[in-house]
Amino acid sequence: MDELMAQRVRKLEELRRMGMDPFQITRFDRTHTASEVHRRFDELEGKAVTLAGRLVARRGHGRAAFLDLADHTGRIQLHVTEDRLGPEAYGRLDLVDLGDFIGVSGEVFRTRRGEVSIAVSELRILSKSLRPLPEKFHGLRDAEAKHRRRYLHLIAEPEVRDLFVARSRMITAIRHLLDERGFVEVETPMMQAIHGGAAARPFVTHHNALDIDLYLRIAPELYLKRLIVGGFDRVYEINRNFRNEGMDRDHSPEFTMLELYQSYADYHQIMELTTEIIRTAAVAVSGAMKARFAGHEIDLGADWHVRTMDEVLREFAGVSLADLSDDSAAKAVARAKEVDPDGPVTVATVLNKVFDIYVQPNLVEPTYVTEFPVAVSPFAKRKPDQPELTERFELFIAGQETANAFSELNDPLDQRARFEDQARQRAAGDEEAQPMDEDFLRALEHGMPPTGGLGIGMDRLFMLLTGTESIRDVILFPHMRPRAEEY
RNA sequence: GACCCGGUAGCUCAGUGGUAGAGCAGCGGACUUUUAAUCCGUUGGUCGGAGGUUCAAGUCCUCCCCGGGUCACCA
């Protein structure tokens, strides 16, 4: 390693001696990109173009050579000859290494073998690469290296960059859709004194000036609803949530969430909006209303199913909500279905477990599951005719939970009772039960209009739309345990 | 957290107890239409770390570190 770097440093020093220090260059004006030259060859043939990029391959032939230049759009072949550059400039190519950034000017032509190329008349080294790049043919195979050194992964596999561009396009398309619908994008606290809005353990940090502990948010929900109280009609936020849980193929400690709240809308209207958001996202990603995941190909253009929690429980688990009337009934169900919730055995934990194991994997075509019990829905409004159930849905596609929404509970007295119930579950050992939030209750006490709310995990949605099996592959810099050599 | 698999040259990988290897990259040389260019020569290694067994350890044993997978936990 030291030797390979030392060789390159020597070449850099040689360039500096000749007054051609590549690191002094601040600007280089390009006329075209690599893909433009390919696409518009017919009109560019014989014309002069100027491009810049990274040198990624070299095939020498004595007094001539072929170089491959890669920019953000693709690759283009360069043809350099001693005749055209002159012996001095041609000799200087010895100081250029694979990985260096170069700028070239020359005429567009096509080689005998049909390769669109540039006959280089001028070449400048724009920046030097002091470390060797991964091998050209096999690229970077080591999954650890791909995630730890994403810059190398991106160099070795340009398709990876395309994937992240698609992710960006997806989120932009969702923003446009929501902006068109009168939603206002807002930013609410990432650091919160009380963490609420979801069931998860938080990260804790410390504010020195205030000398208080703060939690990284597990959800923005309770702040976004305060904005509805304050008079915003429709708000959304697309940003990071943090959850201090295990990491695996579909859990990252920080992940990107869309949450939106729409005044005077119920969960049926939110359902329609959800379908629209996901179809819009799909088109932005692939140009088609398609999702693929875990071997499933899903047509998002077909009708989506709507089924109640009770229906799907009966069909796939042979259990009805009536069988889960209280905690002792839940214990019996847990025994009968051989599920073993970690921690306390309650209606909430048994229902979650039975659903996860027996029901969820069967929900392959887009399916809205509605009417969740109050016990698992601390912020959802009750159904007027069945007060033990809520106006809530979750959307499942390819067995993956894709969205969660409800008519928001705006009755402050009921909300206080739900918090108190959560406090009891917390006391019973459920670390993820909601902590009481007096200020949020106070906001509701001032009055919140009827409101529909929605959450969609952006990472998982993107995985679903692209068939990506690991969340680490849709996050540019996934968290990893630091290695000593990185300090 | 448990179990399984992996960690050898810059990169991709061989090497199951007896002198650490190959391809690519690099370096030197030949070559003015190649594209995984070709041909000749050649440099490069704390074999993830620490102990142990053995005359001898990349290889066997123990512990540890890092990653991947499965399960558990979790939206």
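All heavy atoms count here, side chains included; hydrogens, waters and symmetry mates do not. Naming convention: chains lettered A, B, ... in sequence-line order (proteins, then strands); numbering from 1 in each chain.
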Original post:
Contact class for A:Y90 vs. all strands (heavy atom < 4.0 Å): base, sugar-phosphate, or nothing?
Top reply: nothing
**OP:** Evaluate the ring-ring contact (aromatic ring centres under 6.0 Å, His included) criterion for residues A:H61 and A:F66: first the C-alpha distance (whole Å), next the side-chain angles of each, then the deciding distance (0.1 Å), finally the verdict.
**Re:** CA-CA 8 Å; A:H61 292 268; A:F66 292 97; 5.7 Å; yes
Original post:
At under 4.0 Å, does any side-chain N or O of A:R113 touch on OP1 or OP2 of B:U34?
Top reply: yes
Original post:
On RNA chain B, nearest-nucleotide positions of A:F66 versus A:G246: which is more 5'?
Top reply: A:F66
Subject >> Complement of B:U62, any strand, by Watson-Crick or G-U distances under 3.5 angstrom >> reply: B:A50
Original post:
Taking the side chain of A:E144 as its heavy atoms from C-beta onward, which of B:G26, B:U34, B:G67 lies nearest to it?
Top reply: B:G67
Subject >> Under-4.0 Å side-chain N/O to phosphate OP1/OP2 contact, A:K136 with B:C11 >> reply: no
**OP:** Run the salt-bridge test on A:E237 and A:R217 with the 4.0 Å N-O cut-off and return the result as yes or no.
**Re:** yes
Original post:
NA contact type, A:D142, heavy-atom cut-off 4.0 Å: base, sugar-phosphate, or nothing?
Top reply: sugar-phosphate
Original post:
How would you label the contact of A:L152 with the nucleic acid (heavy atoms, under 4.0 Å): base, sugar-phosphate, or nothing?
Top reply: nothing
Original post:
Do any of residues 40-64 of chain A sit with a heavy atom less than 4.0 Å from RNA chain B, and if so which?
Top reply: A:R59, A:G60, A:H61, A:G62, A:R63, A:A64
Original post:
Looking for any heavy atom pair under 4.0 Å, which part of the strands does A:Q360 touch: base, sugar-phosphate only, or nothing?
Top reply: base
Original post:
With sugar-phosphate meaning primed atoms plus P, OP1 and OP2, does A:R10 contact a base, only sugar-phosphate, or nothing at under 4.0 Å between heavy atoms?
Top reply: nothing
Subject >> Geometric class of the A:F396/A:F355 ring pair [parallel <30°, tilted 30-60°, perpendicular >60°] >> reply: tilted
Original post:
Separation of A:E135 atom CD from B:A14 atom C1', in whole Å?
Top reply: 15 Å
Original post:
More 5' along RNA chain B: A:D97 or A:L140, using each one's nearest nucleotide?
Top reply: A:L140
Original post:
What nucleic acid atoms does A:N352 come within less than 4.0 Å of, heavy atoms only: base, sugar-phosphate, or nothing?
Top reply: nothing
**OP:** Kindly write out the residues that satisfy salt bridge (Lys or Arg N to Asp or Glu O under 4.0 Å) with A:E254, not counting sequence neighbours, or none if the list is empty.
**Re:** A:R240
Original post:
Do A:E371 and A:Y267 meet the criterion of a side-chain donor-acceptor pair at a distance under 3.5 Å?
Top reply: yes
Original post:
Does the side chain of A:K11 get closer than 4.0 angstrom to OP1 or OP2 of B:C27 through an N or O atom?
Top reply: yes
**OP:** Under the ring pair (Phe, Tyr, Trp, His ring centres under 6.0 Å) rule, collect the residues that match up with A:F379, sequence neighbours excluded.
**Re:** A:F419
Subject >> Nearest listed nucleotide, side chain of A:L98, among B:U33, B:A25, B:U35 >> reply: B:A25
Original post:
Just wondering, do A:P22 and A:L12 contact through their side chains at under 4.5 Å, heavy atoms?
Top reply: yes
Original post:
Is A:R8 near enough to B:G26 that one of its side-chain N or O atoms lies under 4.0 angstrom from OP1 or OP2?
Top reply: no
Original post:
Between the base of B:U35 and the side chain of A:D68, is there a donor-acceptor distance below 3.5 Å?
Top reply: no
**OP:** May I ask you to verify if any side-chain N or O of A:R249 is less than 4.0 angstrom from the OP1 or OP2 atom of B:G68?
**Re:** no
Subject >> Check against side chain to side chain contact (heavy atoms under 4.5 Å, CB included), A:V350 and A:K353 >> reply: CA-CA 5 Å; A:V350 173; A:K353 200 85 188 163; 5.6 Å; no
Original post:
Is there a donor and acceptor pair, one atom on the side chain of A:E115 and one on the base of B:U33, closer than 3.5 Å?
Top reply: no
Subject >> Pairwise C1' distance, B:A14 and B:G52 [rounded to whole Å] >> reply: 28 Å
**OP:** Determine: side-chain N/O of A:R141 to OP1/OP2 of B:C13, distance under 4.0 Å, yes or no.
**Re:** yes
